[in-house]
Every structure is written in structure tokens, then in C-alpha cells.
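Below: one structure in C-alpha cells.
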Amino acid sequence: MPDIEVAETTTQVAQPKEKLFSKKNKRTLSDPLSDNNPITLQVLGICSALAVTVQFNTALVMSLAVIAVLALSNVTISLMRNMIPSKIRIIVELAVVATLVVLVDQVLKAYLYDISKRLSVFVGLIITNCIILGRAEAFALQNKPWPSLLDGLGNGMGYAAILLIVATGREILGSGSFFGIQLVPDSFYAAGYENMGLMVLSPGAFILLGLIVWGQRMISKKFEDN
Amino acid sequence: MEHYLSLAVKAIFVENIVLAYFLGMCSFLAVSRRVETALGLGLAVIFVLSITAPTNWLIHEYLLKEGALTWISESLATVDLSFLNFLSFIAVIAAMVQLVEMVIDKYSQTLYTALGIFLPLIAVNCAILGSSLFLVEREYNLAESTVFGFSSGFGFFLAIVAMAAIRQKLRYSNVPEGLRGLGLTMLVTGLMAMAFMSFSGISL
């Protein structure tokens, strides 16, 4: 369960002098990619993970936005960690995250207007993405800026990995294309092949993610109770 | 009246905030182990959403949207503060959640301890911020926003209580190891979403 994972990471306290890419820092970066993936193992941030995965390019832009916000918010909160009174920390964290999301939203509107329209409210919902607040609470508040940056990047990429896998599956099965390029040849359609309409709709995303989680647990052999 | 009824049916069943828009999944997955806690969280979400949706509508309409400040002075007609939407919405939501937390703490200790960490986390429940953003995007008026806020909350309540009931039954079944927990919950959610899609034929 997420609580246990969080408890484990909080016990690591950064040593005063260590190399920029010491073993521990490398683990901070690589662990969230598989063994401690934010979506499939910490169960954080599923909300926005699924809504933007009908097509690969929206998922890609969303992943980049989340990585940017997560890394920057971790660094900012880590820099301020000794100044934030613990009673009002949630509000402070939310203010930091919301400001960063406003910045990202404005950048997307300026340079990628079409995709930002298609992402609609889900860019704003990065604020309430549990990964960001979860990592701030569990890691950035106890660690120095550099490990926090790595933790943010690692978790962001772990999130992106799942998002892109789901998006690939949904776009290929649901629309017969990948990155907007048609993959399934016309002769297939002529022969009676049809796109799987279910994959474009929400149940497809739930079921696909369920299967991915199943697969990953079978490989990592980390099981939980019912 | 009919218009509001159809809006409510749409928000509760056809476009259920959890099952169609994937909002509020985190708490949906984490708090759906027991029916009692799911009931408590569901009620808290209904309450917070019914208050925050109209409040945020008022803030957007009279303070933030382009030309909203004309009630102060005509010269402010070109001011567009809508980039502050996210910040002000989340502030209203955080304040409301704090309020609900204090009320529950005072009147129901058992519910307070049962909800535990998830009560403050309603503040970061996507369902709440998501509804506020939807009502701006869809340009609802005040009455529509209130109905939409309540019905979205009710949709969340319905989904999480149903899920908790299903999971309580599932505890006695022999599930493949790797599918236990999150995996099976996602598959069941997928099936529930399919069931809710059958409501999409309804039009009032």
C-alpha cells in the first residue's frame, strides 16, 4: 500500500557530502521507473493518467508537463523545507504547485494551442495530481534540493512510462493509428477488421491499466492483499 | 426544471465523474476497502462539491473572467484575470475542506478517525477541482453550477459506495496473486464504467 512505500522513502536522510551521482542518488532516479512506480505501486496520480491517453501525442505532452511540474515543485519545496511551518504546509505546497501549473498552462497555450485545447481541464488538474503532493510530502520536505530534483524526475518518468504504454495500447487498438499515423492498412478494414470502440471510451483505459498492473506484479513478484 | 433534471442525470450516470472522466481516482481506489468509510468520504465529497461549485462560479463570474470587473469601474472591462482560475479555485477548495474537517471532528469522532489522512486529501481530490474547471469550460450559470456540483458529488458517492460493496464481497474469493489489490480493482472499475455507459441512452 502507498503508506508503507512512503514510510520507507522518508527514512532516507541525505548525507552531508556525497557525489553528485552516488549510488543512492541513482537509485532515487531509477527506482520509480519500475520497482516503486508511482502509478502501479504507489497508486498515485491515476486521475489524469487515464483521461489523456486516448491518443499518444496528448499523453506525451501531458507527461512532459507533469515531469516539469514535479521536478520544479520538488526543488522549490525542498529549498523552502526549513521555512515552511508544518501546520500550513499543505497550503504552501498547493500554492507552489498551482503557480507552476499556471506557468505550464500558459506555455502550452502559447506554443501548442491545439493540444492544450484537447487536454482541456486536465492541465489544471495537474495541481491535484496526487503524485506531486505525495512526493513533496514524502520526499522533498526531508531532502536536499539535488536528490529532490532526481526524485521528481524519476517519479515523473515513471508516471510518463505508464501513461505512454496505456496511450500506445489505446490508440493502436482504438483508432488503428500511432502518433496520428495510420498503422492498420486499409485492406484490413476492407476485409472486415474494425477498430475496438471500447478502447476509445473510459472502460478500455481501466481494463488496460488493470492488465498492465497485473503484468508488472507477476514480473516483480510484489503482491498485495485483496 | 426539466433542464436541471436532465443535467443532474447526465452528471450522475452518463458522465459520471469517476467512471467517465477518471477524476478522483486516487481516493476512489484508496478508500473503497470498507463500505462505512466509503460512505463517509462520499458524503464529505458531496458536501464540499455542493459548496465549492457555486462559490467558484461566483469568483470566476464576478472577479476573474474577461470583463468581469465592470461592476467596479467601466475602465476595467478589458482586464482578464482568468489565468488566476487555478490558484483561486484551489484556495477556496482548501479552505472548504478545512471547514468540513473541523465539523466532522466535532460531531463524529469515529468518522474522523476512519477517514484519517483522506479527509485533508479531499483538497487534492481531482473530482472537486475538476468540477469547478468543467463549469467554467461549459459556461454554466449559477443554478446549473449548483446542480452540477451536487450531482457530480452524488455520482462520486454512488461509484465509491458500489465499489466498496463489490470489494468487500471479493475479499472471500480466490483471486490470482498478481491481480490482487489494484489490478482487480481497475478491472472491476472498467466493468462498472461499462455498466454506467448503458445509461447514455437516457434523455429527458
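The chains referred to below are lettered A, B, ... by the order of the sequence lines, with proteins before strands, and numbering in each begins at 1.
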Exercise. Can you measure from CZ (A:Phe56) to CG (A:Leu60) and round to the nearest 0.5 angstrom?
Key: 5.5 Å
Exercise. Identify whether the distance between the nearest side-chain nitrogen and carboxylate oxygen of A:Asp105 and A:Lys109 falls below 4.0 Å.
Key: yes
Self-check item: Contacting moiety of B:Val136, where chain A heavy atoms sit under 4.5 Å
Solution: neither
Quiz prompt | Residue pairs passing the salt bridge (Lys or Arg N to Asp or Glu O under 4.0 Å) test where at least one lies in residues 94-107 of chain B, sequence neighbours excluded | solution = none
Quiz item: When you look at CH2 of B:Trp57, are more than 12 heavy atoms from neighbouring residues, nucleotides or ligands closer to it than 6.0 Å?
Solution: yes
Quiz item: So what's closer than 4.5 Å to chain B heavy atoms on A:Ile219: side chain, backbone, both or neither?
Solution: neither
Practice problem: Select one option (side chain, backbone, both, neither) describing which atoms of A:Ile207 are under 4.5 Å from chain B's heavy atoms. | Solution: both
Quiz item: Side chain, backbone, both or neither: which part of A:Ile212 has an atom under 4.5 Å from a heavy atom of chain B?
Solution: neither
Quiz prompt | Backbone of A:Asn143 reached by a side-chain donor or acceptor of A:Ser78 within 3.5 Å | solution = yes
Quiz prompt | Region of B:Leu182 in contact with chain A, defined by heavy-atom distances below 4.5 Å | solution = both
Quiz item: If you tally heavy-atom pairs under 4.5 Å against chain B, which of A:Gly124, A:Ala98, A:Gly215, A:Ala95 wins?
Solution: A:Gly124
Quiz prompt | Residue-level contacts of residues 137-148 of chain B with chain A, using a heavy-atom cutoff under 4.5 Å | solution = B:Glu137
Quiz item: Checking B:Arg180 side chain against B:Val175 main chain: does a donor-acceptor pair fall under 3.5 Å?
Solution: yes
Expected list for residues 61-75 of chain A: side-chain donor-acceptor pairs under 3.5 angstrom, two or more places apart:
| from | atom 1 | to | atom 2 | distance (Å) |
| --- | --- | --- | --- | --- |
| A:Ser63 | OG | A:Ala59 | O | 2.7 |
| A:Ser73 | OG | A:Val69 | O | 3.3 |
| A:Ser73 | OG | A:Leu70 | O | 3.3 |
| A:Asn74 | ND2 | A:Ser148 | O | 3.1 |
| A:Asn74 | ND2 | A:Asp151 | OD2 | 3.3 |

Quiz item: Side chain, backbone, both or neither: which part of B:Met197 has an atom under 4.5 Å from a heavy atom of chain A?
Solution: side chain
Quiz item: Distance from B:His60 atom NE2 to B:Leu81 atom CG, nearest 0.5 Å?
Solution: 11.0 Å
Quiz prompt | Residues that B:Glu177 engages under salt bridge (Lys or Arg N to Asp or Glu O under 4.0 Å), provided they are two or more places apart | solution = none
